[in-house]
Amino acid sequence: MAETKAKTPQSVDTTFTVPITKDNNSGWSCVVMEDSGEFFGTRRAVKISGTIDGQPFEATMLPVGGGNHMIPIKAALRKLVAKEQGDEVTVHIKQRFS
């Protein structure tokens, strides 16, 4: 039987405002956090939680090159905050899971 590793949260506190864009590779709606590789100390995927325009979310930030990560934004969350591609959202990352 495989062991499941519990997610250990680490407090993080960073806020940024960026437009929702479309990822060129996946076609997903997302936001890009610049210099996230330096902020998190890794250029690998990072599991996070926080809020987007005040709505709670959890996601896996995916590296997109240049030390940046993208955060995919599901359609349900975009509908909740009434935002689409091109609209700016405020992202507050509160926790990182390892």
Side-chain angles (χ1 to χ4, degrees):
M1 189 162 72
E3 255 185 69
T4 57
K5 187 178 174 186
K7 294 191 288 185
T8 304
Q10 299 169 326
S11 290
V12 178
D13 187 14
T14 188
T15 302
F16 54 97
T17 301
V18 291
I20 298 173
T21 60
K22 184 176 184 176
D23 179 63
N24 292 333
N25 294 322
S26 65
W28 296 342
S29 293
C30 64
V31 294
V32 175
M33 179 180 175
E34 293 187 5
D35 300 321
S36 52
E38 186 175 329
F39 181 82
F40 288 109
T42 186
R43 290 186 177 211
R44 295 180 181 231
V46 179
K47 293 180 186 286
I48 57 157
S49 69
T51 62
I52 293 181
D53 281 359
Q55 293 295 323
F57 81 103
E58 286 189 7
T60 300
M61 296 178 69
L62 303 171
V64 293
N68 301 330
H69 286 74
M70 74 148 174
I71 304 170
I73 303 181
K74 296 179 180 178
L77 180 55
R78 291 193 316 272
K79 186 175 181 180
L80 269 177
V81 298
K83 302 282 179 81
E84 286 301 326
Q85 289 181 18
D87 294 333
E88 285 195 339
V89 291
T90 299
V91 179
H92 182 192
I93 299 174
K94 296 180 179 180
Q95 290 186 315
R96 170 188 183 172
F97 300 97
S98 54

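In this chain, numbering begins with 1 at the start of the sequence shown. Predicted, not measured: the structure shown is a model, and the values here were computed from it.
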Validation: residues 69-80 side-chain donor-acceptor distances under 3.5 Å, sequence neighbours left out:
{"residue": "H69", "atom": "ND1", "partner": "S36", "partner atom": "OG", "Å": "2.6"}
{"residue": "H69", "atom": "NE2", "partner": "R44", "partner atom": "O", "Å": "2.8"}
{"residue": "R78", "atom": "NH1", "partner": "I73", "partner atom": "O", "Å": "2.7"}

E38 atom CD: more than 12 heavy-atom contacts under 6.0 Å: no

For residues M33 and F40, determine if any side-chain heavy atom of one lies less than 4.5 Å from a side-chain heavy atom of the other. yes

Does W28 share a hydrophobic cluster with V18, counting links as ILVMFWY side-chain heavy atoms below 4.5 Å and allowing steps through other members? no

Tell me whether V64 is reachable from V46 by hopping between hydrophobic residues (I, L, V, M, F, W, Y) whose side-chain heavy atoms are closer than 4.5 Å. no

How many angstroms lie between atom OG1 of T14 and atom NZ of K94, to the nearest 0.5 angstrom? 13.0 Å

Classify the side-chain pair S98/T8 by whether it contains a donor and acceptor separated by less than 3.5 Å. no

Heavy atoms from other residues, nucleotides or ligands near CD of Q55 exceed 12 (cutoff 6.0 Å): yes

d(D35 CG, N68 CG) to nearest 0.5 Å is 6.0 Å

Set of residues satisfying side-chain contact (heavy atoms from CB on, under 4.5 Å) with respect to D87, sequence neighbours excluded: K83, E84

Taking every heavy atom of V32 against every heavy atom of F16, the minimum-distance pair comes out as O-CE1, 4.2 Å

What's the separation between atom CD in Q10 and atom CZ in F97, rounded to the nearest 0.5 Å? 10.0 Å

dist C30:SG -> K22:NZ (nearest 0.5 Å) comes out at 10.5 Å

Do Q95 and V12 have side chains that approach each other closer than 4.5 Å (heavy atoms only, starting at C-beta)? no

Ignoring hydrogens, what is the shortest heavy-atom contact between D13 and H92? Give both atom names and the distance. OD1-NE2, 2.7 Å

Specify the closest pair of heavy atoms between G66 and R43, including all atoms of both residues, with the distance to one decimal. C-NH1, 4.2 Å

Should I20 and L62 be regarded as members of a common hydrophobic cluster, given that ILVMFWY residues are connected when their side-chain heavy atoms come within less than 4.5 Å of each other, either directly or indirectly? no

To the nearest 0.5 Å, what is the distance between CD1 on I93 and CZ on F57? 6.0 Å

Within a strict 4.5 Å, meaning less than it, do heavy atoms of the V31 and P19 side chains meet? no

